[in-house]
Amino acid sequence: MKRASIKDIARIAGVSVATVSYVLNKKEGSRISEATQQKIFDIAETINYTPNKIAKSLKMSKSKLIGLILADISNDFYSSIARCIEDEAMKYGYTILIGSSDENPDKFKKLTELFSEQQVDGMIVAPVVNSDESILKLIREEYPIITIDRYLKNVNIPGVMINNSEISEYICRYVLKKDFEEIIYVGYDTELPHLQDRQEGFEKGMAGAQISVKRLLVGIDRITADVQTALQENLDLASKKTVIYFSSNKLAIAGLSYFTEHQIKVPDDISVIAFDETEAYKLFPTEISFVRQPLIEMAKEAVQLLDDQISNYATDGRKITFPAKLIEKNSVQ
């Protein structure tokens, strides 16, 4: 007969493997409620669970592992901040396990479960749309977790982000000081709050402006095709001096590729500002003005916040907001 495992107990109890391990190994400072602990002990006794003594001895101390769940590891922003987090975590003695959810809530959920099974001490996550329940489940188990770059409106946990609304508003003021006749905002049709904040800042900044304002919003599944179609249908370069504000680097790359294909010169024919930097900008003949996020500072704060959670779990939902900065290059004229 197959020996019962902690995975069996976790499945029957409806909790994570990490929670079962905390209880059965009687870890110091266990954060699990007495009712849940008793339930786990009862199930373990019922199914005749016998722990592996070697494995048990290894689990008595912290794993010194951190799970990092990014929204899209192919994006230069996330790969760069992952490196910064890894470097900072090493200073605390942590090793990073990295996963990419690809903006998919089901994949996000599976990654949280996988990391929980791997006994990570805590997680740093970039939430995706409809990932609320996956995070709330970890919160109910008092599992150390913080957010990076993003946040969810209905989930109160510590996190690190930038001033998305304020920097977008600043970009608008910067543009309005020049002699443009039109500004086009290219963003996402999304429920993600941090991206909504960017558009909200744009709306505030352009309120009452005396130039033409357009908003082109696309989904996340067909970025290149949708951006290029939207530009084809909305650009009127013959009659208006136009600046485009791309609210992410992936949107910017799609737009810049369209300009190259159609011999539209930046900044002679159109000016461009993009959110976040990427090595891909170097493929284009003009240096692109972009919004720079303080990745090293964000990584340091994220690891510090998570380490604090691991050492002394709290539900204060403390958010740390860093200022982003517009880096002026040659793409605005």
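Keep in mind the model is a prediction, meaning the values are calculated, not measured. Numbers for residues simply follow the sequence, beginning at 1.
Pairing each heavy atom of Leu305 with each of Pro158, the nearest pair is CD1-CB, 4.3 Å. In terms of heavy-atom proximity, Arg150 sits nearest to Pro127 at NH1-O, 2.9 Å. Nearest approach of Leu237 to Asp269, heavy atoms of both residues: CD2-O, 3.9 Å. Scanning all heavy atoms of the two residues, the minimum distance from Phe115 to Leu97 falls at CZ-O, 3.4 Å. Between Cys172 and Gly201, the shortest heavy-atom distance links the atoms SG-O, 4.5 Å.
Asn104 contributes a side-chain N or O that, together with a main-chain N or O of Asp106, makes up a donor-acceptor pair within less than 3.5 Å. Here the side chain of Asn249 pairs no donor or acceptor atom with the backbone of Asn75 at under 3.5 angstrom. Remark: side-chain polar atoms of Asp197 are not paired, donor with acceptor, to backbone N or O of Asn163 under 3.5 angstrom. The main-chain N or O of Arg198 is never found under 3.5 Å from a side-chain atom of Ser165 such that the two would form a donor-acceptor pair. Between the side chain of Gln210 and the main chain of Gly208, a donor-acceptor pair closer than 3.5 Å is present. Between the side chain of Lys329 and the main chain of Ile327, no donor-acceptor pair closer than 3.5 Å is present. Within the 3.5 Å criterion, the main-chain N or O of Gln333 finds a donor-acceptor partner in the side chain of Ser271. A donor-acceptor pair under 3.5 Å links the side-chain atoms of Thr46 to the main chain of Asp42, judged by distance alone. At least one donor-acceptor pair under 3.5 Å links the side chain of Ser79 to the backbone N or O of Asp76. A distance-only check finds a donor-acceptor pair linking the side chain of Asp121 to the backbone of Ser63 [under 3.5 Å].
Both Val266 and Leu251 are assigned to one and the same hydrophobic cluster, defined by single-linkage of ILVMFWY side chains at heavy-atom distances under 4.5 Å. Following chains of ILVMFWY side-chain contacts shorter than 4.5 Å, one cannot reach Ile96 starting from Met90, and the two form parts of different hydrophobic clusters. Note on Ile9: it clusters hydrophobically with Ile12, by side-chain heavy-atom contacts below 4.5 Å among ILVMFWY residues. Ile157 and Leu111 fall within a single hydrophobic cluster, where Ile, Leu, Val, Met, Phe, Trp and Tyr side chains are chained together by heavy-atom contacts under 4.5 Å.
At a cut-off of 3.5 Å, with distance as the only test, no side-chain donor of Ser131 or Ser134 sits close to an acceptor on the other residue.
Listed by first and then second residue, the ring pair (Phe, Tyr, Trp, His ring centres under 6.0 Å) pairs that reach into residues 121-142 come to none, sequence neighbours excluded. The list of ring pair (Phe, Tyr, Trp, His ring centres under 6.0 Å) pairs with a residue in residues 78-111, not counting sequence neighbours, is empty. Here side chain to side chain donor-acceptor pair (under 3.5 Å) pairs that include residues 227-237, with residues two or more places apart or in two chains, are Asp236-Ser239. Counting only residues at least two apart or on different chains, the ring pair (Phe, Tyr, Trp, His ring centres under 6.0 Å) pairs with a member in residues 240-289 are Tyr185-Tyr245, Tyr258-His262. Counting only residues at least two apart or on different chains, no ring pair (Phe, Tyr, Trp, His ring centres under 6.0 Å) pair has a member in residues 152-175.
For Lys153, the side-chain hydrogen bond (donor to acceptor under 3.5 Å, both in side chains) partners at least two apart in sequence or on another chain are Gln196. Residues satisfying the side-chain contact (heavy atoms from CB on, under 4.5 Å) test with Ser80, not counting sequence neighbours, are Leu295. In terms of the side-chain contact (heavy atoms from CB on, under 4.5 Å) criterion, residue partners of Thr190 (sequence neighbours excluded) are, by chain and number, Val129, Tyr188, Leu192, Leu195. Remark: Glu203 engages Arg215 in a salt bridge (Lys or Arg N to Asp or Glu O under 4.0 Å) (not counting sequence neighbours). Judged as a side-chain contact (heavy atoms from CB on, under 4.5 Å), and not counting sequence neighbours, the contacts of Ala10 are Val17, Val20. Partners of Arg11 under the side-chain contact (heavy atoms from CB on, under 4.5 Å) rule, at least two apart in sequence or in another chain, are Asp8.
Of the charged side-chain nitrogens involved, at least one lies within less than 4.0 Å of a carboxylate oxygen, so that Glu141 and Lys137 count as a salt-bridged pair. Using a 4.0 Å cut-off between a side-chain N of Lys or Arg and a carboxylate O of Asp or Glu, Lys110 and Glu117 do not qualify as a salt bridge. Between Lys91 and Glu88, at least one side-chain N (NZ, or NE/NH1/NH2) sits under 4.0 Å from a carboxylate O, which counts as a salt bridge.
Side-chain contact between Thr36 and Val23: absent, with no pair of heavy atoms (C-beta onward) separated by less than 4.5 Å. The closest side-chain heavy-atom distance from Val155 to Thr147 is not below 4.5 Å. Taking the side chain as every heavy atom from C-beta outward, Ile124 and Leu68 approach each other to under 4.5 Å. Looking only at side-chain heavy atoms (C-beta outward), Ile220 and Asp72 stay at 4.5 Å or farther from each other. In this structure, the side chains of Leu217 and Gln199 come closer than 4.5 Å at one or more pairs of heavy atoms. Ile264 has its side chain within reach of Leu235: a pair of non-hydrogen atoms, C-beta onward, lies under 4.5 Å apart. Residues Ile81 and Asp149 fail the side-chain proximity criterion, which asks for heavy atoms closer than 4.5 Å. Residues Ser74 and Lys250 meet the side-chain proximity criterion, which asks for heavy atoms closer than 4.5 Å.
Atom CD of Gln38 and atom CD1 of Ile43 lie 10.5 Å apart (nearest 0.5 Å). For the atom pair Asp276 CG and Ile288 CD1, the distance stands at 14.0 Å (nearest 0.5 Å). Expressed to the nearest 0.5 Å, how far OG1 of Thr278 lies from CD1 of Ile253 amounts to 5.0 Å. Here Leu70 contributes atom CG and Asp102 contributes atom CG; the two are 10.0 Å apart, rounded to the nearest 0.5 Å. In this structure, OG on Ser331 lies 11.0 Å from CD1 on Ile244, to the nearest 0.5 angstrom. With rounding to the nearest 0.5 Å, the separation of CD1 in Ile270 from NZ in Lys240 is 12.0 Å.
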Applying side chain to side chain contact (heavy atoms under 4.5 Å, CB included), run through Thr112 and Tyr143 and close with a yes or a no.
CA-CA 11 Å; Thr112 62; Tyr143 204 99; over 6 Å; no
Evaluate the criterion side chain to side chain contact (heavy atoms under 4.5 Å, CB included) for residue pair Ile66 and Val120; output intermediate values, then yes/no.
CA-CA 5 Å; Ile66 289 176; Val120 299; 5.8 Å; no
Could you go step by step and tell me if Ile211 and Met206 meet the side chain to side chain contact (heavy atoms under 4.5 Å, CB included) rule?
CA-CA 9 Å; Ile211 67 173; Met206 298 310 299; 3.9 Å; yes
Determine whether Glu113 and Lys109 satisfy the following criterion, side chain to side chain contact (heavy atoms under 4.5 Å, CB included), listing intermediate values before the conclusion.
CA-CA 6 Å; Glu113 292 172 347; Lys109 179 175 182 289; 2.7 Å; yes
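In this structure, Tyr151 shares a hydrophobic cluster with Met161, the cluster being traced through Ile, Leu, Val, Met, Phe, Trp and Tyr side chains under 4.5 angstrom apart.
Counted within 6.0 Å of NZ on Lys319, heavy atoms from surrounding residues, nucleotides or ligands total more than 12; the atom is thus considered enclosed.
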